[in-house]
Peer 1: 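Just dropping this structure here.
Since we're looking at a predicted model, the values are computed, not measured. Worth knowing before you read on, the calculation uses all heavy atoms, side chains too, and leaves out hydrogens, waters and symmetry mates.
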Amino acid sequence: MQIVDTGRLGLGVVRRGEGPPVVLIGGTGMPPVAWEVAGLTQALVDGGFEVIAYASRGVAPSDTPSSRCTVADLADDLVSLIDTLRLDGPPALVGYSLGSFTAEHLLSFSPERCGAGVLIAGPGPTTPLLHSVVNSESALIDRLGSLPAEVMTMQTLLTALPPSALATADPLVEQWAGMCAFQADQWTSTDGEVAQARASHAWLRDDDRMERLHRIVAPVLAVAFEFDPLIGPTQAHAAVGRMPNAELHVVPGAGHGGVITHAEHLVPRVVEFLREHHR
């Protein structure tokens with residue numbers, strides 16, 4: 001991984017392959033290696049794309065300018081990276097969770113800066129459960145100044161894994177608990193985790209974001225996971241209905257963490273979509 005100074009901040013970047021550029025935008029605290037684990041990076045390289053995966057602000061080794069930021073700030077970070085790398089044309093954007101928010105913002109506000117979009121576990125209205133998650137995280141930050149690792153591990157397990165794994169004490173649960181400990185070490189600092197959380201909270205509390213979806217005219221693949229309790233198929237379907245060139249793909253049997261647990265269903269569809277819409 002190289003550190004790229006964009007003039008705005010330093011970002012850790014992995015760049016592989018040749019062809020039309022595709023930028024992978026990770027979810028909260030997600031390092032670029034997670035895309036490798038899912039197999040998406042290699043599949044895109046094999047599919048004839050240049051792949052740029054980066055660590056968003058707050059995730060090591062990228063900078064953490066402050067403990068406050070917005071999705072607009074994250075999108076501006078991405079634009080500065082695209083400009084610095086001098087890519088061969090506007091890139092397709094593949095975003096997961098918080099990364100999907102970043103991609104959605106850029107697709108709606110700066111469509112000339114990007115090509116097709118893949119929005120994974122991100123587009124859709126905020127549900128009562130998700131409001132509760134946002135409010136509880138905000139309360140912890142206000143009272144403690146941070147998000148306790150034990151609480152975030154519990155939240156991740158309950159939302160990322162499918163109900164069948166949780167109900168049967170599947171070994172996957174213990175594996176993911178270990179992954180959560182690894183992820184906790186990926187933050188540049190506490191400020192990085194708090195900044196990303198605040199960006200997500202403000203986005204999910206924005207009552208106007210669903211109305212902006214009609215601005216997205218680029219081809220979009222919205223991916224939802226069948227058992228995602230945060231932003232599932234019902235919410236993704238509502239978002240797709242507001243975008244003129246969007247389609248929905250539902251990954252069966254997956255929770256919010258389906259980008260890893262059900263990669264074998266996700267990766268081929270993403271590559272297929274980009275080969276059709278980003279050549």
Peer 1: Establish whether Val33 and Val22 are linked, either directly or via other cluster members, by ILVMFWY side-chain heavy-atom contacts under 4.5 Å.
Peer 2: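 Unlinked, Val33 and Val22 end up in two clusters.
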Peer 1: Check for me, please, whether Leu11 and Met30 land in the same ILVMFWY cluster - side-chain distances under 4.5 Å, paths through other members count.
Peer 2: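 No, Leu11 and Met30 fall in different hydrophobic clusters.
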Peer 1: Are Leu85 and Met1 co-members of a hydrophobic cluster defined by side-chain heavy atoms under 4.5 Å apart?
Peer 2: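 Different clusters.
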Peer 1: Who passes side-chain hydrogen bond (donor to acceptor under 3.5 Å, both in side chains) against Gln155, sequence neighbours left out?
Peer 2: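 Listed in chain order: Glu137.
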Peer 1: Out of Leu74, Val71, Leu106, Thr28, which residue meets the side-chain contact (heavy atoms from CB on, under 4.5 Å) rule with Phe101?
Peer 2: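 Of the listed residues Leu74, Val71, Leu106, Thr28, the side-chain contact (heavy atoms from CB on, under 4.5 Å) partner of Phe101 is Val71.
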Peer 1: Is His237 atom NE2 crowded by more than 12 heavy atoms from other residues, nucleotides or ligands, each under 6.0 Å away?
Peer 2: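 Not buried by this count: 12 neighbours or fewer within 6.0 Å.
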Peer 1: Counting N and O atoms only, with roles assigned by atom type, does the side chain of Ser189 sit under 3.5 Å from a partner on the main chain of Asp191, one being a donor and the other an acceptor?
Peer 2: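 Pair found, side chain donor or acceptor close to backbone of Asp191.
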Peer 1: Between Leu87 and Arg15, is any pair of side-chain heavy atoms under 4.5 Å apart?
Peer 2: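 Answer yes - side chains close enough.
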Peer 1: Which residues satisfy the side-chain contact (heavy atoms from CB on, under 4.5 Å) test with Asp5, sequence neighbours excluded?
Peer 2: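 Asp5 satisfies side-chain contact (heavy atoms from CB on, under 4.5 Å) with no residue once adjacent residues are dropped.
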Peer 1: Could you walk me through whether Asp77 and Ser80 satisfy the side-chain hydrogen bond (donor to acceptor under 3.5 Å, both in side chains) test, starting with their C-alpha distance in whole Å, then the side-chain angles of each, then the deciding distance to 0.1 Å, before giving a yes or no?
Peer 2: CA-CA 5 Å; Asp77 293 347; Ser80 71; 5.2 Å; no
Peer 1: Report the distance from atom CG of Leu24 to atom CD1 of Ile52, rounding to the nearest 0.5 Å.
Peer 2: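 So the CG of Leu24 and the CD1 of Ile52 are separated by 8.0 Å.
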Peer 1: Are the aromatic rings of Tyr96 and His256 close, with centres under 6.0 Å apart?
Peer 2: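 Under 6.0 Å, so yes.
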Peer 1: Around Glu247, counting heavy atoms of other residues, nucleotides and ligands shown, do more than 12 lie under 6.0 Å from its CD?
Peer 2: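 Enclosed: over 12 neighbouring heavy atoms sit under 6.0 Å from CD of Glu247.
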Peer 1: Is there a donor-acceptor pair under 3.5 Å between the side chain of Thr70 and the backbone N or O of Asp73?
Peer 2: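 Yes: the side chain of Thr70 pairs with the backbone of Asp73.
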Peer 1: Check Ser97 against Gly27 and note the closest heavy-atom contact, atom names and distance.
Peer 2: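 Closest approach of Ser97 to Gly27, heavy atoms only: CB-CA, 4.3 Å.
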Peer 1: I need the Arg8 CZ to Asp83 CG distance, nearest 0.5 Å.
Peer 2: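 Arg8 CZ to Asp83 CG: 11.5 Å, rounded to 0.5 Å.
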Peer 1: Backbone N or O of His105 within a donor-acceptor pair of the Ser108 side chain at under 3.5 Å?
Peer 2: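 Side chain of Ser108 to backbone of His105, a donor-acceptor pair under 3.5 Å: yes, one is there.
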Peer 1: If two hydrophobic side chains count as joined below 4.5 Å and joins carry through other members, does Val250 share a cluster with Val240?
Peer 2: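 Yes, it is one cluster - the side chains of Val250 and Val240 are joined through contacts under 4.5 Å.
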Peer 1: To the nearest 0.5 Å, what is the distance between SG (Cys114) and CD1 (Ile82)?
Peer 2: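 So the SG of Cys114 and the CD1 of Ile82 are separated by 7.0 Å.
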Peer 1: Set out, in order, the CA-CA distance, both residues' side-chain angles and the distance that settles side-chain contact (heavy atoms from CB on, under 4.5 Å) for Arg198 and Ser67, then state yes or no.
Peer 2: CA-CA 8 Å; Arg198 284 174 166 157; Ser67 64; 3.4 Å; yes
Peer 1: Is a donor on one side and an acceptor on the other found under 3.5 Å between the side chain of Thr64 and the backbone of Ser66?
Peer 2: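 Checked: no pair found.
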Peer 1: Considering residues at least two apart in sequence or located in another chain, which fulfil the ring-ring contact (aromatic ring centres under 6.0 Å, His included) criterion with Tyr54?
Peer 2: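 Per chain and number, Tyr54 pairs via ring-ring contact (aromatic ring centres under 6.0 Å, His included) with no residue.
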Peer 1: State, with a plain yes or no, whether a side-chain heavy atom of Leu44 is found less than 4.5 Å away from one of Asp46.
Peer 2: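 Not in contact.
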Peer 1: Between Glu50 and Arg16, does any side-chain N to carboxylate O distance fall below 4.0 Å?
Peer 2: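 No, this pair does not count.
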Peer 1: List the steps and the verdict of side-chain contact (heavy atoms from CB on, under 4.5 Å) for Arg279 and Arg275.
Peer 2: CA-CA 6 Å; Arg279 302 309 297 178; Arg275 292 186 73 172; 4.1 Å; yes
Peer 1: Are Val13 and Leu81 packed together at the side-chain level, in the sense that at least one heavy-atom pair is separated by less than 4.5 angstrom?
Peer 2: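 Yes. Closest side-chain heavy atoms under 4.5 Å.
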Peer 1: If we only count heavy atoms from C-beta on, is the Asp170 to Ser164 side-chain gap below 4.5 Å?
Peer 2: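 Side-chain contact under 4.5 Å: no.
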Peer 1: Using the rule given for side-chain contact (heavy atoms from CB on, under 4.5 Å), can you reason through Val223 versus Leu221, listing the C-alpha separation, both sets of side-chain angles and the distance that settles it, and then say yes or no?
Peer 2: CA-CA 6 Å; Val223 178; Leu221 175 65; 4.0 Å; yes
Peer 1: Is Thr188 reaching over with its side chain to a backbone N or O of Ser62, donor-acceptor style, under 3.5 angstrom?
Peer 2: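 Yes, because the side chain of Thr188 sits within donor-acceptor range (under 3.5 Å) of the backbone of Ser62.
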Peer 1: Does a side-chain heavy-atom distance below 4.5 Å link Val23 with Val94?
Peer 2: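 Side-chain contact under 4.5 Å: no.
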Peer 1: Please name all residues satisfying ring-ring contact (aromatic ring centres under 6.0 Å, His included) with His278, sequence neighbours left out, ordered by chain then number.
Peer 2: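 His278 satisfies ring-ring contact (aromatic ring centres under 6.0 Å, His included) with no residue once adjacent residues are dropped.
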Peer 1: For Val151 and Leu140: C-alpha separation, side-chain torsions, deciding distance, then whether side-chain contact (heavy atoms from CB on, under 4.5 Å) applies.
Peer 2: CA-CA 10 Å; Val151 173; Leu140 286 169; 4.0 Å; yes
Peer 1: Mind checking the SG-CG spacing from Cys69 to Asp76? Nearest 0.5 Å is all I need.
Peer 2: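 CG of Asp76 is found 10.5 Å from SG of Cys69.
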Peer 1: CH2/Trp35 to OG1/Thr41 distance, rounded to the nearest 0.5 angstrom?
Peer 2: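 So the CH2 of Trp35 and the OG1 of Thr41 are separated by 8.0 Å.
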Peer 1: When you check the gap from the basic side-chain N to the acidic O, do Glu104 and Arg215 get nearer than 4.0 Å?
Peer 2: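 So Glu104 does not pair with Arg215 through a salt bridge.
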Peer 1: With rounding to the nearest 0.5 Å, note down the distance linking CG in Leu274 to CG in Leu93.
Peer 2: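 One finds 10.0 Å between CG of Leu274 and CG of Leu93.
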Peer 1: For the hydrophobic clusters of this structure (ILVMFWY residues joined by side-chain heavy atoms under 4.5 Å, transitively), does one cluster hold both Val271 and Val259?
Peer 2: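 Linked, Val271 and Val259 end up in one cluster.
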Peer 1: Determine whether a donor-acceptor pair (N or O, by modelled atom type, separation under 3.5 Å) exists between the side chain of Gln196 and the backbone of Gly192.
Peer 2: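 It does not hold such a pair.
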Peer 1: Would you say that Leu161 contacts Val173 through its side chain, given a criterion of any heavy-atom pair below 4.5 Å between the two side chains?
Peer 2: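 Yes, side chains in contact.
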Peer 1: Compile the donor-acceptor pairs under 3.5 Å between side chains in residues 115-132 and protein atoms, sequence neighbours left out, one pair per line.
Peer 2:
unit_1, atom_1, unit_2, atom_2, d
Thr126, OG1, Leu204, O, 2.8
Thr126, OG1, Arg209, NH2, 2.7
Thr127, OG1, Leu130, N, 3.2

Peer 1: Check this for me: Asp88, atom CG, are more than 12 non-hydrogen atoms of other residues, nucleotides or ligands nearer than 6.0 Å?
Peer 2: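 At most 12 heavy atoms, drawn from other residues, nucleotides or ligands, come within 6.0 Å of this atom.
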Peer 1: Taking 4.0 angstrom as the limit, do Asp206 and Arg212 come out as a salt bridge?
Peer 2: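 Arg212 and Asp206: salt-bridged.
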Peer 1: Does the side chain of Phe225 come within less than 4.5 Å of Pro162's, by heavy atoms?
Peer 2: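 Heavy-atom side-chain distance check fails, nothing below 4.5 Å.
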Peer 1: Contact between Cys180 and Gln175 at the side-chain level, heavy atoms closer than 4.5 Å - yes or no?
Peer 2: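 No, side chains not in contact.
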Peer 1: So does Asp63 pair up with Arg57, basic N to acidic O under 4.0 Å?
Peer 2: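 A salt bridge is absent here (no side-chain N lies under 4.0 Å from a carboxylate O).
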Peer 1: Which pair of heavy atoms, one from Pro229 and one from Leu158, lies closest together, and at what distance?
Peer 2: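 Taking Pro229 first and Leu158 second, the nearest heavy atoms are CG-O, 4.4 Å.
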Peer 1: Does the pair Ser138 and Arg205 meet the rule for a side-chain hydrogen bond (donor to acceptor under 3.5 Å, both in side chains), with working shown?
Peer 2: CA-CA 12 Å; Ser138 294; Arg205 288 168 168 163; 3.2 Å; yes
Peer 1: Quick one: ring-ring contact (aromatic ring centres under 6.0 Å, His included) partners of Trp176, sequence neighbours excluded?
Peer 2: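 Checked Trp176 against ring-ring contact (aromatic ring centres under 6.0 Å, His included); zero matches.
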